[in-house]
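Here is the structure we will look at, set down as structure tokens.
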Amino acid sequence: MGGGTVSGGNDVHEALVAAARERLRAGAAPAGVCGELAARTPRWGDAALAVGLALGIAEPEMSRRLRDERERVHGGFRPGEEELYGELLETTGVFDVPKRLDGRETAIVEHLWAATRAMGGVASRVGLGLSRSFATGEVASAFRLLTRVGPRAAHSRPADFWAALVAAGELLGPADGDEHGAVTQALDECRRRLADCT
């Protein structure tokens with residue numbers, strides 16, 4: 001059934017886009033909205049496209065993302081699995097809204113990339129999380145993730161890794177989402193680890 005087919009262009013039902021906007025404004029997650037809309041149409045890709053458009057993602061970009069995903073999930077879903085379909089698309093970043101980074105955020109991302117290069121290899125799940133965080137401007141989240149993961153035991157450069165994270169952490173500010181002092185705690189941990197390396 002549906003499993004990601006996209007009709008695109010004028011075939012996208014305006015009613016789906018309007019419904020997606022309404023549900024997103026009410027605070028529903030994109031994955032859930034996609035699942036709800038997919039249950040209402042035989043073309044689940046139209047539901048996903050409607051969610052993307054409602055989020056402000058341009059139609060050509062959203063169509064490209066869905067084409068890329070369709071190759072991975074083609075025929076993998078059946079009626080009744082619409083919610084899983086939406087969750088998979090959200091997990092793989094289909095609904096990620098890119099953010100234009102300012103100069104400070106760009107510098108933070110450069111330090112985080114330097115830490116990534118020094119860590120001695122990145123697990124695919126971590127790599128996906130980092131690339132999504134960089135694209136959406138969630139630099140504090142990427143910083144905390146790298147602090148938790150740390151450098152790998154073999155083939156890493158721990159001093160370079162922790163130094164890059166300290167540099168990134170020192171650029172992070174309250175506007176980056178330091179709820180409950182998590183960024184401050186992570187920065188303190190990075191400084192301790194760097195001191196241990198010297």
Side-chain angles (χ1 to χ4, degrees), residues 1-102 105 108-109 112 122-146 148 175-180 182-183:
M1 186 97 198
T5 305
V6 180
S7 61
N10 293 331
D11 293 318
V12 176
H13 305 289
E14 245 342 280
L16 289 174
V17 176
R21 280 191 187 109
E22 182 179 320
R23 294 290 294 126
L24 292 167
R25 282 188 195 126
V33 174
C34 181
E36 291 171 18
L37 297 179
R40 295 169 40 184
T41 180
R43 294 182 175 224
W44 294 5
D46 284 351
L49 182 60
V51 171
L53 294 175
L55 288 167
I57 301 169
E59 186 170 346
E61 171 61 16
M62 197 63 201
S63 294
R64 183 200 58 78
R65 292 179 188 189
L66 291 171
R67 256 191 322 277
D68 292 348
E69 274 312 306
R70 184 175 54 236
E71 293 175 14
R72 287 191 249 189
V73 301
H74 183 69
F77 291 95
R78 304 280 177 253
E81 297 179 330
E82 295 87 353
E83 188 175 324
L84 288 173
Y85 172 71
E87 289 173 5
L88 176 70
L89 294 180
E90 186 167 57
T91 299
T92 58
V94 169
F95 301 126
D96 286 354
V97 178
K99 180 184 180 217
R100 175 174 237 118
L101 302 178
D102 62 24
E105 292 166 323
I108 293 168
V109 169
L112 295 175
V122 180
S124 61
R125 183 182 55 129
V126 172
L128 176 62
L130 288 172
S131 65
R132 289 184 66 197
S133 293
F134 295 160
T136 58
E138 296 173 11
V139 292
S141 174
F143 171 73
R144 291 190 310 268
L145 174 62
L146 284 170
R148 279 193 313 274
D176 297 306
D178 190 13
E179 63 278 350
H180 312 295
V183 170

Taking all non-hydrogen atoms of both residues, which atom of [X] and which atom of [Y] are closest, and how far apart?
X: Ala47; Y: Ala38; result: CB-N, 3.4 Å
X: Val97; Y: Thr136; result: O-CG2, 3.7 Å
X: Leu49; Y: Leu66; result: N-CD1, 3.7 Å
X: Ala50; Y: Ala20; result: O-CB, 3.8 Å
X: Ala182; Y: Arg144; result: CB-CD, 3.6 Å
X: Met62; Y: Gly52; result: SD-CA, 3.6 Å

[atom2] on [Y] to [atom1] on [X], rounded to 0.5 Å:
X: Phe134; Y: Leu101; atom1: CZ; atom2: CG; value: 10.0 Å
X: Arg100; Y: Glu105; atom1: CZ; atom2: CD; value: 12.0 Å
X: Arg125; Y: Leu145; atom1: CZ; atom2: CG; value: 8.0 Å
X: Thr92; Y: Leu128; atom1: OG1; atom2: CG; value: 7.5 Å
X: Leu146; Y: Leu112; atom1: CG; atom2: CG; value: 6.0 Å
X: Glu14; Y: Leu53; atom1: CD; atom2: CG; value: 8.0 Å

Next item on the list: Run the numbers on Leu89 and Cys34 for side chain to side chain contact (heavy atoms under 4.5 Å, CB included), then give the verdict.
Entry: CA-CA 9 Å; Leu89 294 180; Cys34 181; 4.2 Å; yes
Notebook entry, point to check: What is the ring orientation for Trp44 with Phe77, classed by angle as parallel under 30°, tilted 30 to 60°, or perpendicular over 60°?
Noted result: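 Trp44 and Phe77: tilted rings.
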Item checked: Glu61 and Arg65 ion-paired at < 4.0 Å ->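 Yes.
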Notebook entry, point to check: Any sub-3.5 Å donor-acceptor pair from Glu87's side-chain atoms to Tyr85's backbone N or O?
Noted result: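 Looks like no, no N/O pair under 3.5 Å.
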Note to self: Could you check whether any side-chain heavy atom of Phe143 comes within less than 4.5 Å of a side-chain heavy atom of Ile108, counting everything from C-beta outward?
What the structure shows: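 Of all side-chain heavy-atom pairs linking Ile108 with Phe143, none is under 4.5 Å.
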